[in-house]
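In what follows, a structure is listed as structure tokens, so that the remarks can point back to it.
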Amino acid sequence: MQEDGSQVNLDFVRAIVAADSKSNKWDGRVVTRFPPEPNGYLHIGHAKSICLNFGIAAEFGGVCHLRFDDTNPEKEEQEYVNSIIEDVRWLGWDWGEHLYYGSDYFEQMYEYAVQLIKAGKAYVCDLTAEQIREYRGTLTEPGRDGPDRNRSVEENLDLFEKMRKGEFPDGSRTLRAKIDMAHPNLNMRDPVMYRIVHAEHHRTGDKWCIYPMYDWAHGLEDSVEKITHSICTLEFENHRPLYDWFLDELGAYHPQQIEFARLNLTYTVMSKRKLLRLVQEGYVEGWDDPRMPTVSGMRRRGYSPEAIREFCRRIGVNKFNSTVDMALLEHCLREDLNKTSRRVMAVLRPLKVVIDNYPEGQSEELEAVNNPEDPQAGTRKVPFSRELYIEQEDFMEEPPKKFFRLAPGREVRLRYAYFVTCTDVVKDEAGNIVELHCTYDPATRGGDAPDGRKVKATLHWVSAADAVEAEVRLYESLFTKENPDEAGEGEDFTANINPDSLETVTAHLEPSLAGAEPLDRFQFERLGYFCADAGSRAGKPVFNRTVTLRDAWAKIQKGQKNT
RNA sequence: UGGGGAAUAGUGUAAUGGUAGCACGACUGACUCUGGAUCAGUUAGUCAAGGUUCGAAUCCUUGUUCCCCAGCCA
């Protein structure tokens with residue numbers, strides 16, 4: 001229900017939860033879970049799942065568990081656990097007491113496995129991995145029963161115990177469910193439940209040398225935690241019959257698995273495997289590189305949790321694959337940042353301006369609005385003096401049509417300061433414009449002309465003597481193609497990496513920015529939103545460009561070039 | 001050629017037998033001390049063909065296209 005009492009359209013997952021709540025199917029409980037494997041950093045696709053699971057719990061008065069599905073010691077690390085916890089919390093969600101680890105249930109899972117063996121529904125198999133594949137058959141041909149399929153319960157119990165005790169080498173045996181080797185769903189052809197892996201687990205150490213497979217572990221984890229709705233992605237649809245089979249055979253508490261489509265975004269890749277390659281092969285500087293679609297990268301880039309949550313709300317939830325336009329993410333970003341970011345002035349590519357009729361040695365402080373969208377943000381003082389920097393692209397000696405900014409003889413406004421008119425252009429020997437001379441109108445102090453005359457442009461600027469120098473990183477998308485996987489023969493997504501995804505400049509900032517703290521977000525007026533880098537320090541400030549402002553002039557230029 | 005899913009403007013998503021709507025994008029225009037924001041408008045869609053019905057995106061039939069599955073990964 002919305003605030004006005006009208007019925008809001010529910011996505012198909014919420015529709016199921018709503019119906020179950022109404023029918024009291026789960027005694028009125030709603031318990032979801034977000035179950036990441038700690039083998040990589042969370043990305044925007046995970047954020048979709050997080051917002052779905054935690055969002056549903058919040059909306060229906062339930063709870064959402066954060067559970068690490070840590071059943072593969074060879075790929076999982078504590079570093080990933082830590083980053084995941086930080087990211088989910090940063091996104092604004094709270095799991096209360098409900099932080100769980102699949103590995104905490106290993107003993108229970110073992111006992112359940114024994115129960116299944118005793119029921120004649122599981123057996124120890126001596127086939128090698130390759131042999132198992134051969135016996136499994138193919139998509140169109142049924143599999144065959146293996147030689148160990150009809151071992152006695154006693155022998156299975158004995159062997160399974162010895163597996164646990166570490167009496168067999170890695171890969172020598174498995175415990176398998178006894179279902180149907182001719183089943184049309186390959187997942188049902190006697191799936192492996194346990195494999196032998198003598199590996200150090202990040203939480204259980206060397207206590208175990210057999211580890212449960214996903215299909216066996218996941219349903220039990222859900223069951224133990226009394227989950228009501230086990231929401232996962234589409235590729236697990238084929239696994240649902242197995243999820244159901246295990247829990248039914250065990251007679252255990254049985255949540256409902258519901259599958260939804262994972263998120264795809266234009267101009268980026270989303271699989272952990274590909275993100276890992278970007279990191280390992282040095283295309284980016286780490287999991288939290290601001291060009292990465294990881295939650296940590298986006299945080300460092302300057303995204304707000306609110307923007308990400310709003311994005312996740314708007315993209316909806318469905319059962320078919322789709323690719324969301326990056327422009328929607330950026331829209332949600334700008335929408336939030338516009339309301340919340342302090343405005344400041346910064347010049348990225350400085351062009352010196354001398355105000356000839358402004359007294360040498362004089363300076364003054366002018367009042368500037370911190371956020372026109374939020375009167376509560378107040379005002380600040382910005383120093384003005386005879387020598388200033390403006391943006392190189394705000395001046396053209398021979399302005400084309402529709403260029404409203406500064407040009408010889410033209411008057412523009414310096415924001416919050418004065419109207420100035422360009423009187424002279426100074427060039428170096430190579431013909432590059434290196435300095436401008438202007439005159440100002442003292443009567444326009446603050447930026448308003450008492451005689452009511454208008455100018456067509458307002459420029460941002462900084463006082464040269466007061467400017468703070470900073471490293472500013474200008475990010476563009478990491479890939480040049482909407483679909484990075486669209487690569488030529490013998491190429492992969494790395495062939496579409498944007499060579500210009502990062503440009504670093506030395507910018508001149510207004511002095512108020514000297515005290516910016518890491519992750520502080522600002523709007524550099526007329527340029528875009530910028531975020532103090534996590535490693536930014538007083539004395540050596542570093543800012544990352546989060547996203548540019550919408551830029552009508554850039555669009556006109558693009559159009560002019562194309563004609 | 002086995003099984004499991006899915007198809008609505010360029011993109012994302014509503015409409016569950018009763019006017020195909022919303023958002024993003026794109027394009028106009030208004031306004032503006034950010035060529036920002038805001039406001040107004042334009043653009044454009046039911047995978048196909050049959051059928052049921054007074055009426056179909058929705059139900060039925062046939063077809064087409066796309067996604068997932070042959071890890072001792074999750």
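To find a chain, count down the sequence lines: A is the first, B the second, and so on, and within it residues start at 1.
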- Task: For A:Y80, check side-chain hydrogen bond (donor to acceptor under 3.5 Å, both in side chains) against everything at least two apart and list the hits.
- Result: none
- Item | Any A:R343 side-chain N or O less than 4.0 Å from OP1/OP2 of B:U34 | no
- Query: Does the side chain of A:R195 get closer than 4.0 angstrom to OP1 or OP2 of B:C73 through an N or O atom?
  - Reply: yes
- Has the side chain of A:E237 got a donor or acceptor that lies under 3.5 Å from a partner of the other kind on the base of B:G3? no
- Message: Any donor-acceptor pair, under 3.5 Å, between the side chain of A:R405 and the base of B:G35, if you only look at N and O atoms?
- Response: yes
- Query: Taking the six-membered ring of A:Y123, is the NZ or CZ of A:R176 close enough (under 6.0 Å from the centre) and on axis enough (within 45°)?
  - Reply: no
- Item | Salt-bridge criterion met for A:E76 and A:R203 (N-O under 4.0 Å) | no
- In whole angstrom, give me the gap between the C1' atoms of B:A56 and B:C47. 16 Å
- Query: Quick one: is A:R240 getting a side-chain N or O under 4.0 Å of the B:C68 phosphate, OP1 or OP2?
  - Reply: no
- So, is A:K555 close to the B:C27 phosphate, meaning a side-chain N or O under 4.0 Å from OP1 or OP2? yes
- Say you pick atom P in B:A44 and the same atom in B:U62; how far apart are they, in whole Å? 36 Å
- Syn or anti: how is B:G71 classified when any glycosidic angle within 90° of 0 counts as syn? syn
- B:G4 and B:A14, which share atom name C1', separated by this distance in whole Å: 27 Å
- Item | P-based separation of B:G18 from B:A23 [nearest Å] | 23 Å
- Is the backbone of A:G219 close enough, under 3.5 Å, to the side chain of A:S223 for a donor and an acceptor to pair up by distance? no
- Query: Hey, is the side chain of A:N238 pairing donor to acceptor with the base of B:C68 inside 3.5 Å?
  - Reply: yes
- What does A:R314 touch in the nucleic acid at a heavy-atom separation under 4.0 angstrom: a base, only the sugar-phosphate, or nothing? sugar-phosphate
- Task: Output yes when at least one side-chain N/O atom of A:H460 is less than 4.0 Å from OP1 or OP2 of B:U34, else no.
- Result: no
